[in-house]
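Heads up, the thing below is written out as structure tokens.
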Amino acid sequence: MSGHPGNPEPLSPRAKLAVTAGRAAAAVSRAAGRGSGSVIGGKVALKLDPDLLGRLAQHLDVVLVSATNGKTTTTRLIAEALRAAGPVVSNALGANMPAGITSALAGGTDSKYGVIEVDEKYLAGVARDTTPKVIALLNLSRDQLDRAAETRMLAEKWREGLNGTKAVVVANADDPLIVWAASSSPNVVWVAAGQEWKDDAWSCPACGGVMQRPGDDWFCGECGFRRPAPSWALSGDHVLDPHGSAWPIRLQLPGRANKANAATSAAVAAVFGVPPQVALERMYQVQAVAGRYDVVSFQNRDLRLLLAKNPAGWLETFSLIDGPPAPVILSVNARGADGTDTSWLWDVDYGRLAGHPIMVIGDRRLDLAVRLEVAGVDFRVCETLDEAVSMAPPGQIELIANYTAFQDVRRRVGN
Amino acid sequence: MSDSSLRLVWVYPDLLSTYGDQGNVLVVQRRAEQRRLSVERVDVRSDQPIPTSGDIYLIGGGEDRPQRLAAERLRRDGGLSRAASNGAIIFSVCAGYQILGHEFINDLGEREAGLGLIDVISTRGEGERCVGDVLADIDPQLGLPQLTGFENHQGITHLGPTARPFARTVYGNGNGTGDGTEGAYNDTVFGTYMHGPVMARNPQIADLLLKLALDVNALPPTDDRWYEALRAERIAAASQPA
Ligand SMILES: [Zn+2]
């Protein structure tokens, strides 16, 4: 079933036609100025050949990556690590639904590995279609309250969809919802990758009992569901491998969450025989991922662009920014892609920004203003990014934005 | 109000805090402290007993299974019902609102008994989820300005003869019955479908709870300019749904 890199099975005529038609549609879409065109191309191709995704994947050793947060970055880190072992095709731009995935794979028919980010809702289906070698599961938490499935239901769907999978599942032992989702799989590699956000897993996914969480451990007070013993672990600035060796992590990407992503990526790479040291060194080359973590020069300041889409993401982001007096710009929108219910702002502990000069922009800056007022921190509401930047002295500014607000900022600064 | 400080009880954050419901707790607490009241905030997890000596109880929204677990544990514990019969002030949102009624439909599709503290019965809507900005006129007896909120629910709540509608909708669905009602209350037990969270957009509701707890008619003024700016924006948005 799996691909033999030197001797790929040829695509069927129908699949070939689908790939060609998809590429043509993508080119038209690009010419029309609609982004990279990858999603449109994939949609056309899938319509012509509904089994195309599976057929494209047949020639590859596939890794799937899913999570609420960190899937784009981790996909990139795994792709870099596996390049040590052969050519890789990946949906590096984060088009993570079946059409986008199909389009990305169609561009890499000569690759050995397919490293694929998958939207949480599509994981079970894509896993069925692509027969992956490895599935990496990082974390699950509340996101887009107005339209996403319930967080716990997602874990349940993963659990059903991955039941008995032949893939090696590399999963975060520190997130009870991930452990619940992964433990229907016969072959799991547990990684102690940490999870700062805990508020979606106080209720036992198995029995509904109240979860006990002493220190880094967790267990249900009523049934036997508990944290599994990890074979890999993130420990400060090091990743510990199953033999007990500690490998230093020296990423250019900032923050604890990215170290966790690197630890998981090292565990995935090891499944393919890439040693941790080789894998990690390749990850160090990654500077920014789809604009995230990029530092751009704007109005004589250095703006560090940080994306945070949900409470768990904001929590990890607050822990990586420079301390006061570093100025912070916050931008929040509530357009379709962000989720239109802004209640989640109240799950973010904005009190942690006390002492920073804070500027607030975005469509929903007034929601943020009330949130900050109640948190008791000082802030200024600005109309535009330019105005907010002009309030800060020359130097580095931390800019944290949710999804469409982040895209707005990237457009304005020409990133 | 008990001896020296206002006891603010947050019921079951482990089960019923999915929609930023902590926001209501934070706004009530902040507005009490701005009036130089000392506040004792008590977060009660679902494996702990509900204290009966609280002044104000807040209950939030949650997913379907946690809602059933919360109803089971609240019925077994009995503390919230005892507090209500002692005249406690209780404010509930969404799933919490349904639990305070006589019954609702649980995650298994079955009728689940609530606490019966508000004279309402909830069912589940067959159509699309109600999502969007809401504008409503609050019951004039409560003396509050217009209600602005964000609804995000599938439930439909029918008022019994003794419950008063908390508000009448100008835009949006509210209780989802088509009769224009939004939320309900019996005496000092309130329920609403409004997120936002609702206190962030309607700080006067937080003040109403404080006035009821303190048994006073007025509170010292606060600087509400950001609340007012947000209210104006969302009231305008409710009349122009996306
Ligand atoms: Zn349990």
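Side-chain atoms are counted along with the backbone in the values below, which use heavy atoms only and exclude waters and symmetry mates. Nothing here was measured: the structure is a model prediction, and the numbers come from that model.
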> Excluding sequence neighbours, so at least two apart, what forms ring pair (Phe, Tyr, Trp, His ring centres under 6.0 Å) with A:Phe219?
Replying inline: none
> Which one of A:Val374, A:Thr342, A:Val348 has the most heavy-atom pairs closer than 4.5 Å to chain B?
Replying inline: A:Val374
>> Between B:Leu69, B:Val25, B:Leu15, B:Leu26, who has the most heavy-atom pairs with chain A when the cutoff is under 4.5 Å?
In response: B:Leu26
>> If the contact rule is any heavy atom under 4.5 Å from chain A, which residues of residues 191-203 of chain B qualify, in numerical order?
In response: B:His195, B:Gly196, B:Pro197, B:Ala200, B:Arg201
> So, A:Asp341 and A:Ser343: side-chain donor and acceptor under 3.5 Å apart, yes or no?
Replying inline: yes
>> In terms of relative ring orientation, are A:Trp314 and A:Trp344 parallel, tilted or perpendicular, with 30° and 60° separating the classes?
In response: tilted
> Side chain, backbone, both or neither: which part of A:Asp367 has a heavy atom under 4.5 Å from chain B?
Replying inline: both
> So which part of A:Asp349 gets closer than 4.5 Å to some heavy atom of chain B, the side chain, the backbone, both or neither?
Replying inline: neither
> In terms of heavy-atom proximity below 4.5 Å to chain B, should A:Arg371 be classed as side chain, backbone, both, or neither?
Replying inline: side chain
>> If we define contacts as heavy-atom pairs under 4.5 Å, which of B:Arg68, B:Gln22, B:Arg30 has the most with chain A?
In response: B:Arg30
>> Just so I understand: if I count every heavy-atom pair under 4.5 Å between each of B:Gln29, B:Arg234, B:Arg31, B:Glu151 and chain A, which residue has the most?
In response: B:Arg234
> What part of A:Gln212 gets closer than 4.5 Å to chain B, counting heavy atoms only: side chain, backbone, both or neither?
Replying inline: side chain
>> Quick check for you: to the nearest 0.5 Å, what is the distance between A:Trp202 atom CH2 and B:Ser46 atom OG?
In response: 11.0 Å
> Of all of B:Val27, B:Asp133, B:Asp224, which one pairs up most often with chain A through heavy atoms under 4.5 Å apart?
Replying inline: B:Val27
> Among B:Arg73, B:Glu33, B:Arg225, B:His153, which residue forms the greatest number of heavy-atom pairs with chain A at distances under 4.5 Å?
Replying inline: B:Arg73
